[in-house]
Amino acid sequence: MRIYFDHAATTPVDPQVEASMRPYFAGRFGNASAQYEEGQLAHKAVEEARIKVADLTGARPEEIVFTGSGTESNNMAIKGTAWALRDKGNHIITSSIEHPAVLESCRWLERAGYEVTYLPVDEYGLINPALVEESIRKETILISIMQANNEVGTIEPIAEIAEVARRHQIKLHCDAVQTVGNIAINVVELGVDMLSMSAHKLYGPKGVGALYIKEGTSLASLLHGGHQESGRRAGTENTVGMVGFGKAAELARERLIQGPARLEKMRDTMIDGIMKRIKWVRLNGHPKRRLPGNVNISIEFVEGEGMLMHLDMMGISCSTGSACQAADLKASHVLLAMGLSHEMSHGSLRFSLGHLTTEAEIARVVEVLPGIVEKLRAMSPLTVKERVNA
Ligand SMILES: *Cc1c(COP(=O)(O)O)cnc(C)c1O
């Protein structure tokens, strides 16, 4: 049995979610926009799913638009606002640690003449609401800040940032792909105008996301064609995916009643175990304000990719902040923004736990990781001692 520690990348589809989707592949295949019986069955299923996603987030069903991914939700919020408010201004505020779906949408807008402020973060990856306020100009039309960072798990002060946005009457978008389903959230309490989510991060299927759009928010569509999703997103409804998302949302809501205590305890056991047994390790992200299932560490004098390979051979899946892109070893933009050196960024590992993670799996990683690190450090061109003294 493999041990899966990459739930921040994607989660397995819950068997109950899979079962809920199955009838809509062939038996109930109707086009949700059609007037006859097959269509009405599909339409009803889509609207029930919308209610479940709304219930999970404290939104009203009319405020939920289904999309094709978390990536699309982020693109829609950012580009859609930029287009809708283009006569009002051309400045956007975001952070330097956002998901590429936010950063690249902003960079694309920069090429089209928009101006973007990428806010710095502190050593824990936290964004300072006061800095958000200082960055506001009279041309500012949008603030886009994630609720929790996908790499280091730091949970941002969204409610405080929403205060600032409200005071200046600027729209606030929040990428909540890592939080929806993992911690209890409520769009009204958070005070956001738009919020992105993705089904496959909460035991739902891949290829379906949603964007919460607060009533009265002006937003241009990215996809034009039919009148689906109240005219906000054209294209025949992905009934199967939406039904699966709805079921996943319903199950997440039940799970959240238990609270995150179990996951948090396993997370902290893992962090403590690794820190105790390996020298020159640093915890990345905030020690307290972090996702219940996130463990992100930097291990000095080793490459993340090397550790990843060895762990994989031992049946353990996790991820690293260093990605070998072509010939270039690219360090995580998140860790660099937090002030880590390139070397420390390359030695990072992320273990993201899920609700099926067991204590035995945690114990296994804590048991095998020190040996892997020792082996890789012994192979490194400079010995640890020489490097420490250098
Ligand atoms: C996974 C993720 C996304 C992208 O969602 P997809 O559905 O995979 O496109 C966006 N933002 C964050 C924070 C994520 O973790």
Side-chain angles (χ1 to χ4, degrees), residues 4-13 17 53 56-57 64-80 94-108 118 121 125-127 144-156 158 161 172-183 185 190 192 194-212 222-223 233 238 240-242 244-246 248-249 252 284-286 289-296 318-321 323 332-335 337-338 350-354:
Y4 184 75
F5 274 125
D6 206 13
H7 292 85
T10 196
T11 55
V13 172
V17 170
V53 172
L56 179 64
T57 50
I64 299 292
V65 169
F66 283 115
T67 65
S69 59
T71 296
E72 186 188 324
S73 300
N74 285 341
N75 273 262
M76 182 177 181
I78 294 166
K79 296 175 184 171
T94 187
S95 86
S96 47
I97 63 163
E98 297 297 314
H99 188 274
V102 166
L103 291 176
E104 293 303 321
S105 293
C106 287
R107 286 195 190 113
W108 185 81
Y118 300 91
V121 294
L126 274 174
I127 293 151
S144 178
I145 303 286
M146 68 202 325
Q147 191 178 14
N149 182 269
N150 45 305
E151 291 187 29
V152 297
T154 300
I155 297 173
E156 302 297 342
I158 296 299
I161 293 167
L172 175 63
H173 164 249
C174 179
D175 175 350
V177 172
Q178 286 292 328
T179 47
V180 172
N182 286 318
I183 60 175
I185 81 148
L190 279 176
V192 297
M194 288 163 283
L195 182 134
S196 299
M197 41 200 140
S198 177
H200 77 98
K201 303 284 173 86
L202 52 129
Y203 308 90
K206 291 165 186 63
V208 58
L211 182 66
Y212 157 75
L222 299 186
L223 300 182
R233 196 228 187 219
N238 171 12
V240 174
M242 293 170 186
F245 193 176
N284 296 319
H286 199 279
R289 291 185 63 110
R290 74 186 298 132
L291 287 170
N294 178 288
V295 174
N296 189 312
C318 67
S319 76
T320 169
S332 147
H333 69 287
V334 176
L335 296 176
M338 286 162 56
R350 178 189 70 186
F351 298 95
S352 42
L353 289 48

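Atoms within each ligand, like the ligands themselves, are counted from 1 in listed order. Keep in mind that this is a model prediction, so the values were computed, not measured.
When only non-hydrogen protein atoms are considered, atom 13 (C) of ligand 1 lies nearest to D175 OD2, 3.4 Å. When hydrogens are left out, the protein atom nearest atom 4 (C) of ligand 1 is T71 OG1, 3.6 Å; that is the closest non-hydrogen contact. Remark: minimum distance from atom 3 (C) of ligand 1 to any protein heavy atom is reached at H99 NE2, 3.4 Å. In this structure, the protein non-hydrogen atom closest to atom 6 (P) of ligand 1 is G70 N, 3.5 Å.
Here the shortest heavy-atom distance to atom 8 (O) of ligand 1, taken over K201, Q147, H200, belongs to H200. The option from P100, S73, G204, S198 that lies nearest to atom 7 (O) of ligand 1, judged by heavy atoms, is S198.
Only one option out of I97, I145, I78 pairs with V102 in a side chain to side chain contact (heavy atoms under 4.5 Å, CB included); it is I78. Among the candidates N150, N284, N296, D6, the single residue satisfying the side-chain hydrogen bond (donor to acceptor under 3.5 Å, both in side chains) test with R350 is D6.
Remark: the S96 side chain and the H333 side chain contain no N/O donor-acceptor pair separated by less than 3.5 Å. Under the 3.5 Å distance criterion, with hydrogens and angles disregarded, no donor-acceptor pair is assigned to the side chains of N149 and T154. Neither side chain, E72 nor S69, offers a donor N or O lying under 3.5 Å from an acceptor on the other.
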>> Walk me through whether M76 and V65 qualify under side-chain contact (heavy atoms from CB on, under 4.5 Å).
In response: CA-CA 10 Å; M76 182 177 181; V65 169; 4.3 Å; yes
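Considering both main-chain and side-chain atoms, V177 never comes within under 3.5 Å of ligand 1 through any nitrogen or oxygen pair.
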